[in-house]
2 protein chains.
Amino acid sequence: MIKVDIDTKMKFLHGFSNKTRVQILESIIEDEKTVSEIVDDLNGNQSNISQHLTCLKGCGLIVGRQDGKYVYYRVRNQLVRDLLSMFDVVLEDIQNDIACCENHID
Amino acid sequence: MIKVDIDTKMKFLHGFSNKTRVQILESIIEDEKTVSEIVDDLNGNQSNISQHLTCLKGCGLIVGRQDGKYVYYRVRNQLVRDLLSMFDVVLEDIQNDIACCENHID
DNA sequence: CACACATATTAGCAATTGCTAATATGATAA
DNA sequence: TTATCATATTAGCAATTGCTAATATGTGTG
């Protein structure tokens, strides 16, 4: 495996560095949604959501397709979905780890 | 699996949102290193690296152990290492995907 | 003890990021 | 065509983040 360029990797990881972006990803992890559905879902601002969608698309994490006057966005593929669930797995593991091994003195 | 709290998740993901932090993780993915070794490795600033180490520790991604006047830091566990390699896997996959499917008109 | 060295913390500034409101683009329908 | 609705883009500001230099803490040694 060829070593991934750090700047490319950072651009990719940038997709996960904002709460709204992560919430968008979670919102469309199962099925695609239009921009306005996502806006409703997150109780967000249209402009703001649109900007984050552009960002996520630039990161390669999501893809969009135009259908009439709507644009549907979805998570790019299963591997990205797997990565998203892995966040939860690793995070839970860390939390257990901390609960078990670092709170001995209470 | 219990739904992970979004703010907790964001704190965790924050660890991956800065180039220096990701470089630190890559630097210690194989074996633990002292702060000054990491500083040398990244050609960084001691204060800066120390701040990022504190951040990464706060994220739960790394752990430190004091040995005499040195502090050794290492990636918390194998699952975190797996997550780090998964970044590369997913990123490469995305890059191939984009190369294959979105550059038809050149 | 005093000193040297490793690491952590603080403060202030510079740079980046995210948000909102306004406006522009692009699509459909009348 | 014009009107309407969905989405994108822009500009300006507010908030956050990251960096550097200076200082503090803590550990081992003479």
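Sequence lines set the chain letters: A, B, ... in the order given, protein chains first and strands last, and positions in each chain run from 1.
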Would you indicate what B:Ser50 reaches in the nucleic acid, counting non-hydrogen atoms under 4.0 angstrom: base, sugar-phosphate, or nothing?
base
Check the pair B:Gln78 / B:Asp82 against side-chain hydrogen bond (donor to acceptor under 3.5 Å, both in side chains), numbers first and verdict last.
CA-CA 6 Å; B:Gln78 187 55 38; B:Asp82 291 346; 2.9 Å; yes
Rounded to whole Å, please give me the gap between CG in B:Leu53 and C1' in C:dT7.
10 Å
Per-nucleotide protein contact string for nucleotides 25-30 of chain D, where B marks a base within reach and S marks sugar-phosphate only (heavy atoms under 4.0 Å, - for neither)
--SS--
With a 3.5 Å distance limit and no angle check, can you tell me whether A:Lys9 reaches the backbone of B:Lys19 through a side-chain donor-acceptor pair?
no
Which distance, rounded to the nearest 0.5 Å, do you find between the NE2 of B:His52 and the CZ of B:Arg21?
5.5 Å
Please give, in whole Å, the distance from D:dA15 C1' to A:Lys19 NZ?
15 Å
Polar side-chain atom of A:Ser17 near backbone of A:His14 as donor-acceptor pair, under 3.5 Å:
yes
For A:Tyr70 and D:dC5, give me the distance from atom OH to atom C1', rounded to whole Å.
8 Å
Could you list all N or O pairs between the protein and nucleotides 16-21 of chain C that sit under 3.5 Å apart?
from: C:dG18; atom 1: OP1; to: A:Asn18; atom 2: ND2; distance (Å): 3.3
from: C:dG18; atom 1: OP1; to: A:Arg21; atom 2: NH2; distance (Å): 3.2
from: C:dG18; atom 1: OP2; to: A:Arg21; atom 2: NH1; distance (Å): 3.4
from: C:dC19; atom 1: OP1; to: A:Thr20; atom 2: OG1; distance (Å): 3.4
from: C:dC19; atom 1: OP2; to: A:Asn48; atom 2: OD1; distance (Å): 3.2
from: C:dC19; atom 1: OP2; to: A:Asn48; atom 2: ND2; distance (Å): 2.7
from: C:dC19; atom 1: OP2; to: A:His52; atom 2: NE2; distance (Å): 2.5
from: C:dT20; atom 1: O4; to: A:Gln51; atom 2: NE2; distance (Å): 3.0
from: C:dA21; atom 1: N6; to: A:Ser47; atom 2: OG; distance (Å): 2.6

Strictly below 4.0 Å: does B:Ser36 bring a side-chain N or O up to OP1 or OP2 of C:dC5?
no
What nucleic acid atoms does B:Tyr73 come within less than 4.0 Å of, heavy atoms only: base, sugar-phosphate, or nothing?
sugar-phosphate
Determine whether a donor-acceptor pair (N or O, by modelled atom type, separation under 3.5 Å) exists between the side chain of B:Gln66 and the backbone of B:Gly68.
yes
Do A:Gln46 and D:dA8 have a side chain to base donor-acceptor pair shorter than 3.5 Å?
yes
What is the distance, to the nearest angstrom, from the CD1 atom on B:Ile38 to the P atom on C:dA6?
14 Å
Does A:Arg76 reach the main-chain N or O of A:Lys57 with its side chain, forming a donor-acceptor pair under 3.5 Å?
no
Before accepting this row, confirm whether a basic side-chain N of the pair A:Glu30/A:Arg81 lies closer than 4.0 Å to the acidic partner's carboxylate O.
no
Scan side-chain atoms only and decide if A:Ser27 and A:Gln23 contain a donor-acceptor pair under the 3.5 Å cut-off.
no
Between OH of A:Tyr72 and C1' of D:dA6 the distance, given in whole Å, is 11 Å
Given side chains that start at C-beta, do those of B:Phe87 and B:Val22 come closer than 4.5 Å, heavy atoms only?
no
